[in-house]
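Down below is the structure, laid out as structure tokens.
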There are 2 protein chains.
Amino acid sequence: MTVPEQRLQEALTTLKKSGVRITPQRHAVLEYLMQSMKHPTADEIYKALEDKFPNMSVATVYNNLRVFLDIGLVRELTYGDSSSRFDCNTSDHYHIICDECGKIVDFHYPSLNEVEQLAEQVTGFDVSNHRLEVYGTCEDCQQMAKH
Amino acid sequence: MTVPEQRLQEALTTLKKSGVRITPQRHAVLEYLMQSMKHPTADEIYKALEDKFPNMSVATVYNNLRVFLDIGLVRELTYGDSSSRFDCNTSDHYHIICDECGKIVDFHYPSLNEVEQLAEQVTGFDVSNHRLEVYGTCEDCQQMAKH
DNA sequence: AAACTAAATTATAAGCATTCTAATGTAAGA
DNA sequence: TCTTACATTAGAATGCTTATAATTTAGTTT
Ligand SMILES: [Mn+2]
Ligand SMILES: [Mn+2]
Ligand SMILES: [Zn+2]
Ligand SMILES: [Zn+2]
């Protein structure tokens with residue numbers, strides 16, 4: 001069984017444990033998310049599934065994403081004024097985003113505890129967490145620029 | 001002359017140099033921004049000025065904020081699904097945000113070059129910049145929680 | 001297998017921040 | 001003072017997301 005398939009099975013088990021019904025639409029949204037490496041938007045998921053489910057409402061996609069969020073199966077990524085993106089990788093990781101094409105790529109970095117600690121000292125806040133994104137140009141767009 | 005007053009004068013000079021007309025509304029939006037420490041939203045600016053300019057359109061606030069952004073007089077801060085906030089402090093600094101009351105406080109930290117460099121190596125991106133926000137509970141809200 | 005019922009789906013309306021449009025007004029130079 | 005390009009205004013439009021209410025259905029109970 002591939003990693004995405006395994007994650008899907010685990011997610012389905014978690015949903016059942018939480019008393020959430022497994023509908024065909026819900027299953028499809030979850031399956032698409034688990035197999036996607038692209039941090040898709042709600043609308044991208046909706047469009048990707050419209051062949052399989054021509055009558056599915058966009059509200060169903062949003063409803064299900066909210067269910068998955070509440071249970072902790074996915075993360076919501078919010079960037080500026082555009083639409084939210086959804087990440088089925090819930091382990092600790094950061095994102096680097098291409099300024100040209102918008103591609104979002106995972107990367108790991110040993111936690112920024114020092115920053116949190118300094119912020120706490122300087123501001124008197126009781127710090128809970130942080131968010132970090134790095135921006136730049138991806139390899140594909142660097143190549144495009146050369147030609 | 002206070003620091004906000006001085007920044008306002010400098011900003012007005014920059015605007016004139018760029019061939020941008022100084023209208024009463026534009027002046028008021030700029031003055032409010034420069035004197036505010038609160039990273040206000042467009043709507044907060046609009047409401048703060050409605051006594052002085054009862055007929056001002058909310059579009060005027062947005063139009064002027066865009067002009068200021070284009071010239072580099074202010075920074076736009078985008079957080080999740082809520083509305084943009086605007087920061088007249090264009091020098092390098094980070095923000096820490098209260099989970100309870102939403103307060104946004106500036107803090108400084110020696111740049112995160114190492115993170116940018118590692119991200120570059122691992123992903124092959126050509127890195128341009130990054131964003132970081134720290135979240136937690138502010139001192140006021142910590143006090144409130146005690147009582 | 002049929003009935004039941006709470007939950008899910010659907011189509012559509014509504015909400016909110018932001019931008020667009022077109023008419024009117026005005027800052028600043030000639 | 002005249003001129004005109006730029007700015008403001010009110011309101012419509014847009015894009016993403018959530019709410020509503022009717023219909024359908026997953027999963028349990030009989
Ligand atoms: Mn990710
Ligand atoms: Mn700031
Ligand atoms: Zn790219
Ligand atoms: Zn607070």
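None of the values given here were measured: they were computed from a predicted structure. Chain A is the first sequence line, chain B the second, and so forth, proteins listed ahead of strands; every chain is numbered from 1.
Interface limits on DNA chain C: the 5'-most and 3'-most nucleotides within less than 4.0 Å of chain B heavy atoms are C:dA17 to C:dA28. Boundaries of the chain B contact region on DNA chain D are D:dA5 to D:dA10, first to last in 5' to 3' order (nucleotide atom under 4.0 Å from a heavy atom).
Rounding to the nearest 0.5 angstrom, the gap separating the OH atom in A:Tyr109 from the CD atom in B:Glu114 is 4.5 Å. Interatomic distance, SG of B:Cys101 versus CE of B:Met144, reported as 8.5 Å (0.5 Å rounding). Here B:Leu73 contributes atom CG and B:Leu33 contributes atom CG; the two are 9.5 Å apart, rounded to the nearest 0.5 Å. B:Phe125 contributes atom CZ, which lies 9.0 Å from atom CG of A:Asp99 (distance to the nearest 0.5 angstrom). A distance of 7.0 Å separates CZ in B:Arg26 from CG in B:Leu15, rounded to the nearest 0.5 Å.
Among A:Arg85, A:His95, A:Arg75, the one residue that satisfies the side-chain hydrogen bond (donor to acceptor under 3.5 Å, both in side chains) test with A:His39 is A:His95. Of the residues B:Ile45, B:Asp87, B:Ile104, the one that meets the side-chain contact (heavy atoms from CB on, under 4.5 Å) test with B:Pro40 is B:Ile45.
Residue contacts for A:Ser84: at a heavy-atom cut-off of 4.0 Å it reaches the sugar-phosphate backbone alone, with no base atom in range.
Within a 6.0 Å radius of CG in B:Asp92, no more than 12 heavy atoms belonging to other residues, nucleotides or ligands are found.
Nearer the 5' end of DNA chain D, as judged by each residue's closest nucleotide, is the contact made by B:Thr60, out of A:Phe86 and B:Thr60. Residues B:Ala59 and B:Val20 both approach DNA chain C. Their nearest nucleotides, taken by heavy-atom distance, put B:Ala59 toward the 5′ side.
Side-chain atoms of A:Ser18 do not come within 3.5 Å of backbone N or O of A:Val20 as any donor-acceptor pair. For A:Gln142 (side chain) and B:Gly124 (main-chain N/O), a donor-acceptor pair under 3.5 Å exists by modelled atom type.
Taken residue by residue, residues 23-54 of chain A places heavy atoms nearer than 4.0 Å to DNA chain D at A:Thr23, A:Pro24.
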